[in-house]
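Heads up, the thing below is written out as structure tokens.
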Amino acid sequence: MRRIQIFDTTLRDGEQSPGASLNVDEKLVIARQLAHLGVDIIEAGFPISSPGDFKSVQLIAEKVKGPTICGLARAVVADIESAGKALEAAENRRIHVFIATSKIHMDKKLKKSPQEVLDDAVKSVELAKTFTDDVEFSPEDASRTDLKFLADVCEAAISAGATTVNIPDTVGYAIPEDYAERIRYLRENVPNIDQAVISVHCHNDLGVAVANSLAAVREGAGQVECTINGIGERAGNASLEEIVMAMKMHGDKYGVETGIVTPELYKTSQLVSNLTGLDVQRNKAIVGENAFAHEAGIHQHGVIQARETYEIMKAEDVGWHGRQLVIGKHSGIHAAERVLKDHGYELEKDKLRVVIQRVKEVADREKKIEEEDIVAIARDVMNDLGPEEQILQLKEVSVMTGNSFTASATIKLQFDNKEVIGSGTGVGPVDAAASALKRIIDEHFGSALNLNEYGLKAITGGTDALAHASISFDDQLDNRFRGEAVDEDVILASVQAMVKGVNRAMIFRKHFQLPQSESESRPTGT
Ligand code: KIV
Ligand code: ZN
């Protein structure tokens, strides 16, 4: 059996999903769970892209042991130096350097000749080698790159020291036969290919990212790049859980195995979905809510007689479990800690203390608290802003609502030791509060933010249930800022979530408010 390396890029390519953005604490928790899942490499971020990304890669490198920690860099000196620095504390570190090699990217984006691109590739691999022996090279848009040139660049990168060459289908253009043929061509035409692992990295624009990755594994690829729940740019990346389970089910045919602890899959999927705010579609393969549900009577009957009639794998094999446990008021701190661990929330001690304290407060007020409540509180605490990030602080909210008059709200915020007040009306109390907040932001900060998503969920049953509010705002440049909060009061949960989102927008503006031309050249993604 060939051991296929699983390279998880949830925290880098996955985080580039529209609508997903994770803070440093959330990334650390996900990275820890990825280590429990048994991934071989964690691509923790793109350190030069923002101070937050740098910090997350640095923290993950320091705290997460087991997998190799990887940082992305363009074929640019500053990027590579930044990745090298961020990864300093890692037990095992990798720098992943990329440069585009397709004609359209070289002509239109880089405005460089093929020779210049090849030279940059070599120089950047050589520089990355000064920080670590483990260097991955990606010719971006490889699936649309001239085959002969692709082979030349791979050969040159390997001669310069690349230990992995990754063949990205950056735009999700490939189909399985063509992609497999490309891998075969490289195996047959790159003289030093045996000195490197061939990796595959497929985007899902045509819905065949997993099929492409499998076809490449069959042709000898030794590493698969993928994300939890298949999140990523546009239609996403190859989904880790799907590719891993396909290789597990058909390991004999492919002659391959992975080191993934598959019973950790469901938990990891839920964790990533909860923290990114990107829901998992109900019928998603492997981890969707319906993946093991049988509606049709004939199927139910069959499964009761013999599970294998309609199920190809066991729910337990992917860690899927049914209903939640109810934690009694007196179940204590250990029960809450166990619930957090079971759901993949391995928090830093200071955060854990805050979560436990809040769980105790809710348990004291209510008769029972369920697993989902504890997870929601943990999410809220992780979504909290640090003291230096609380540019605006919520001081007061009051709302008036009823059946015979227009709902109105007044909000008081503290900013820079001053208090600012805004009022608004709306179709209901939350809408009124949103318009009061918007008025303050428009009047005092001149920053146009549009509320783009609002979600409110009663976490568990009852009129005294905890409410979980999540919002996202867009600014004029389509940057998105999320906020979430949990409270027994739906209005307070909503306003707290909104204030978090506004604070995030203001922090972003403070760090990145650059003249138009500079902000366009800031590397935010690939
Ligand atoms: O899709 C892509 O080409 C990438 C590279 C950076 C590997 O994400
Ligand atoms: Zn990608």
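Every value quoted in this text rests on a predicted model; they were computed, and no experiment measured them. Every number for a ligand or one of its atoms is a count from 1 in the order of the listing. For this chain, numbers begin at 1 and follow the sequence in order.
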*Does H201, backbone or side chain, put an N or O under 3.5 Å from an N or O of ligand 1?*
yes
*Purely on distance, is any nitrogen or oxygen of E225 under 3.5 Å from one on ligand 1?*
no
*Could you check whether the rings of H201 and H203 sit parallel, tilted or perpendicular, using 30° and 60° as the cut-offs?*
tilted
*For the residue pair H96 and F7, does the interplanar ring angle fall in the parallel (under 30°), tilted (30 to 60°) or perpendicular (over 60°) class?*
perpendicular
*Is there a donor in the side chain of H468 and an acceptor in the side chain of E372, or the other way round, less than 3.5 Å apart?*
no
*Do the side-chain N and O atoms of T132 and D134 include a donor-acceptor pair separated by under 3.5 angstrom?*
no
_To make sure I understand the geometry: which N, O or S atom in D13 is closest to the Zn ion (ligand 2)?_
OD2
*Which atoms of ligand 1 sit under 4.0 Å from any heavy atom of E140?*
3 (O)
_If the cut-off is 4.0 Å to any non-hydrogen atom of T170, which atoms of ligand 1 fall inside it?_
1 (O), 2 (C), 3 (O)
Select one of side chain, backbone, both or neither to describe which atoms of [X] lie under 4.0 Å from any atom of ligand 1, heavy atoms only.
| X | answer |
| --- | --- |
| H203 | side chain |
| H96 | side chain |
| D13 | side chain |

*Only one of R504, K500, R379 forms a salt bridge (Lys or Arg N to Asp or Glu O under 4.0 Å) with E484, so which one is it?*
R379
*In Å, rounded to the nearest 0.5 Å, how long is the span from CD1 of I228 to OG of S239?*
8.0 Å
*Go through the steps to decide whether I42 and T68 satisfy the test side chain to side chain contact (heavy atoms under 4.5 Å, CB included), and finish with yes or no.*
CA-CA 6 Å; I42 295 175; T68 294; over 6 Å; no
_Is R12 close enough to touch ligand 1? Criterion: a residue heavy atom under 4.0 Å from a ligand atom._
yes
